[in-house]
Number of protein chains: 2
Amino acid sequence: MSEQGQRSISSQNLADFVGVNPWQIRKDFSYFGGFGTRGIGYDIEKLTREIKKILKLDIIQKAVLVGVGNLGSAVLAYPGFRRHGFDIAAVFDNDPKKIGKKIENITVEDVSKLQTLKRRKIYLGIIAVPGDAAQQIADALVKAGVKGILNFSPCYITVPKKVKIITIDIAMDLARLPYYIPTG
Amino acid sequence: MSEQGQRSISSQNLADFVGVNPWQIRKDFSYFGGFGTRGIGYDIEKLTREIKKILKLDIIQKAVLVGVGNLGSAVLAYPGFRRHGFDIAAVFDNDPKKIGKKIENITVEDVSKLQTLKRRKIYLGIIAVPGDAAQQIADALVKAGVKGILNFSPCYITVPKKVKIITIDIAMDLARLPYYIPTG
DNA sequence: CTATGTGAATTTATTCACAGCA
DNA sequence: TGCTGTGAATAAATTCACATAG
């Protein structure tokens with residue numbers, strides 16, 4: 001909306017957009033302080049800034065990707081990261097045929113060199129390796145100082161509780177659909 | 001646990017496993033009827049069956065995948081689908097170089113033939129195409145009788161409200177992490 | 001006049017505590 | 001005795017209604 005030159009938006013418009021009621025929008029925002037203008041609505045630029053601050057997305061975040069198979073390549077090619085303030089600053093794999101090659105302008109490094117992350121100030125990791133290697137990669141990432149992990153391997157991974165881990169299991173997402181579909 | 005020969009499990013064990021309290025587990029289950037045994041716990045086989053029934057995952061679900069790029073290939077190679085009762089029964093793409101080829105034992109079909117889904121009783125669709133084609137594919141899927149869509153394209157898609165759509169935006173998942181990470 | 005922000009009312013969810021059953 | 005299932009108590013979230021500011 002900001003890109004389209006729109007200046008402000010009302011709680012009503014926002015509510016329609018995300019499918020809730022206006023007072024829910026207002027109440028939720030109010031918990032973080034009032035950043036709207038009465039009679040007008042919410043300034044889009046300001047609102048975006050405030051929400052980014054709340055979610056700690058106000059500074060560009062570097063991330064490391066481990067695993068450049070199909071899934072990893074898809075992640076690298078994903079246009080959304082840059083747009084949302086993420087910078088895939090390093091890529092690792094264990095395949096000698098891939099190490100040293102450039103993919104999407106980033107050179108693939110040897111996964112055995114993960115500890116170099118420590119001095120590169122990268123605190124977010126993305127795991128896109130086969131399930132049987134995921135725990136081991138997670139351990140290495142934690143050891144290298146990573147504080148948050150997005151895990152695409154379909155398996156339970158344990159990490160120290162100071163580290164936040166979010167696991168995306170595609171099958172689990174697909175599994176949410178049948179519930180909503182009237183049985184035929 | 002069932003595969004490991006375990007017979008039953010208590011609400012306490014389940015709670016520890018998923019990180020909530022035992023009474024939450026019991027209360028939640030009780031809303032669907034009591035399927036535990038006092039003094040013993042929950043029969044694992046039975047519990048699995050009951051939960052699958054609630055989520056409508058008790059019958060094998062066929063699904064169609066559209067788009068066999070990096071992401072689509074990753075989806076196809078995903079081991080989790082079969083294990084959770086899903087069958088990727090059809091695959092489509094618009095690239096002539098891919099159409100007719102076999103990937104993971106499934107022949108890639110021409111995306112212009114999506115309407116053939118109607119008579120194949122496939123009600124779940126997975127969209128793994130570039131963002132600019134996603135809406136058009138979604139429209140075609142809905143026309144072909146698909147009732148639920150898992151969308152991996154990073155864009156808003158509108159569908160009739162009888163169709164359930166779940167959008168997975170990898171960047172949004174990554175964006176959830178910084179909030180939990182103490183600012184350094 | 002318009003749209004926010006917020007106390008109060010209402011509804012929903014969680015937690016407790018224990019009765020009831022194997 | 002052990003663990004479930006559930007009413008009652010407590011806590012939290014949502015909705016309402018309106019005072020308030022531009």
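Each chain gets a letter, A, B and so on, in the order its sequence line appears, and its residues count up from 1.
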In residues 9-25 of chain B, which residues come under 4.0 Å of DNA chain C by heavy atom? N21(B), W23(B), Q24(B)
How close do D93(B) and K98(B) get, counting heavy atoms only, and between which atoms? OD2-CD, 3.8 Å
Just wondering, are more than 12 heavy atoms of other shown residues or ligands nearer than 6.0 Å to CD in E104(A)? yes
For the helix from dC1(C)-dG22(D) to dA22(C)-dT1(D), measure the angle between the helix axis at one end and the axis at the other, each built from five pairs, rounding to 10°. 10°
To the nearest Å, how far apart are R26(A) CZ and dA19(D) P? 15 Å
First-last contacting nucleotides on DNA chain C - partner chain B, under 4.0 angstrom, heavy atom: dT14(C) to dA22(C)
Please state whether the rings of Y156(A) and F17(B) are parallel, tilted or perpendicular, taking 30° and 60° as the class boundaries. tilted
What's the spacing between L141(B) CG and Y123(B) OH if we round to 0.5 Å? 14.0 Å
Residues within residues 35-49 of chain A bordering DNA chain D, heavy-atom distance below 4.0 Å: T37(A), R38(A)
Do you know which of I106(B), I99(B), V66(B) makes side-chain contact (heavy atoms from CB on, under 4.5 Å) with V91(B)? I106(B)
Write down the atom of Y78(B), the atom of I168(A), and the distance for their closest heavy-atom approach. OH-O, 4.1 Å
Once you round it to whole Å, what is the distance between P of dT4(D) and OH of Y31(B)? 17 Å
For the residue pair F29(B) and Y42(B), does the interplanar ring angle fall in the parallel (under 30°), tilted (30 to 60°) or perpendicular (over 60°) class? perpendicular
If you count heavy atoms of other groups shown closer than 6.0 angstrom to CD1 of I60(B), is the number above 12? no
Could you work out, with side-chain hydrogen bond (donor to acceptor under 3.5 Å, both in side chains) as the rule, every residue matching T167(A), not counting sequence neighbours? N151(A)
Lys/Arg-Asp/Glu bridge criterion (N-O < 4.0 Å) met for E109(B), R120(B): yes
Electrostatic pair D43(A):R7(A) at N-O distance under 4.0 angstrom: no
Please check if the number of heavy atoms outside K52(B) that lie under 6.0 Å from its NZ is greater than 12. no
In whole Å, I'd like the distance from the NZ atom of K27(B) to the P atom of dA8(D). 11 Å
Under the rule for side-chain hydrogen bond (donor to acceptor under 3.5 Å, both in side chains), what residues qualify as partners of D173(A), not counting sequence neighbours? none
